[in-house]
Amino acid sequence: MRVASRVVADTRDALTLKEAGYPAVQYIPRQDVDMSLLERTDHATYCPYKGECAYYSVPVGGERAVNAVWTYEHPYDAVALIKAHVAFYPDRVEAIEELDH
């Protein structure tokens, strides 16, 4: 995962979450994300299936990368595996590369 030519995340341990009618989302463990490049925002949403959602921006990416990252810090039990993971909006980052290792 790159933003403004900076590697923000690099993982082999992403979790894929599929919800009906939506594209699959890759949730990346926080330990595989350079959290120093992210800045917490006041933006928040609620999902009836996952719970309260918090957001981060990636300042090096400018306006495009505002609220580009989301996380469920206390997800509901049904999706507990995404705790301590973040996800990125594909249209707000420079590149998401999936490589076969």
Side-chain angles (χ1 to χ4, degrees):
M1 182 84 50
R2 284 185 287 134
V3 175
S5 300
R6 303 278 304 266
V7 174
V8 178
D10 186 4
T11 190
R12 293 176 185 222
D13 298 318
L15 299 175
T16 302
L17 184 63
K18 296 180 183 179
E19 293 183 70
Y22 293 100
V25 173
Q26 300 290 317
Y27 282 86
I28 300 170
R30 284 183 182 232
Q31 72 240 21
D32 296 339
V33 177
D34 185 346
M35 296 298 290
S36 72
L37 294 175
L38 307 185
E39 183 176 280
R40 182 77 174 251
T41 71
D42 292 332
H43 186 64
T45 58
Y46 173 77
C47 172
Y49 304 105
K50 296 184 289 288
E52 298 289 333
C53 186
Y55 290 80
Y56 289 86
S57 292
V58 188
V60 297
E63 281 297 312
R64 176 182 175 199
V66 171
N67 294 319
V69 184
W70 74 91
T71 186
Y72 291 90
E73 294 170 335
H74 305 287
Y76 292 147
D77 290 343
V79 291
L81 289 176
I82 65 171
K83 184 175 183 170
H85 287 67
V86 301
F88 293 79
Y89 284 108
D91 62 338
R92 297 185 189 181
V93 297
E94 181 180 323
I96 297 175
E97 299 173 14
E98 292 185 38
L99 305 173
D100 293 328
H101 294 281

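In this text, all values refer to a predicted model and were calculated from it rather than measured experimentally.
- Atom CG of D91 has more than 12 neighbouring heavy atoms from other residues, nucleotides or ligands inside a 6.0 Å radius.
- Residues V58 and R6 are not in side-chain contact: their nearest non-hydrogen atoms beyond the backbone lie 4.5 Å or more apart.
- In plain terms, the two heavy atoms of G51 and Y72 that are nearest each other are O-CE2, 3.3 Å.
- Under the 4.5 Å side-chain heavy-atom criterion for Ile, Leu, Val, Met, Phe, Trp and Tyr, F88 and V7 are members of distinct hydrophobic clusters.
- A pairwise comparison of heavy atoms in P59 and S57 identifies CD-O, 3.4 Å as the closest pair.
- Taking CG of N67 as the reference point, atom CZ of R40 lies at 11.0 Å (rounded to 0.5 Å).
- Ring orientation note: the planes of W70 and Y89 are tilted relative to one another, at an angle of 30° to 60°.
- Taking the side-chain hydrogen bond (donor to acceptor under 3.5 Å, both in side chains) definition, one finds that T16 meets it with Q26, sequence neighbours left out.
- V66 and V8 fall into different hydrophobic clusters, defined by Ile, Leu, Val, Met, Phe, Trp and Tyr side-chain heavy atoms under 4.5 Å apart, directly or through other members.
- I28 is not listed as a side-chain neighbour of H85, based on a closest heavy-atom distance of 4.5 Å or more.
- Not one N or O on the side chain of R30 forms a donor-acceptor pair closer than 3.5 Å with the backbone of K83.
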Listed pairs under 3.5 Å, donor-acceptor, residues 31-38 side chains, sequence neighbours left out:
residue: D32; atom: OD2; partner: T11; partner atom: OG1; Å: 2.5
residue: D34; atom: OD1; partner: S36; partner atom: N; Å: 3.1
residue: D34; atom: OD1; partner: S36; partner atom: OG; Å: 2.4

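- Evaluation of the ring-ring contact (aromatic ring centres under 6.0 Å, His included) test over residues 38-68, restricted to residues two or more places apart or in two chains, returns H43-Y55.
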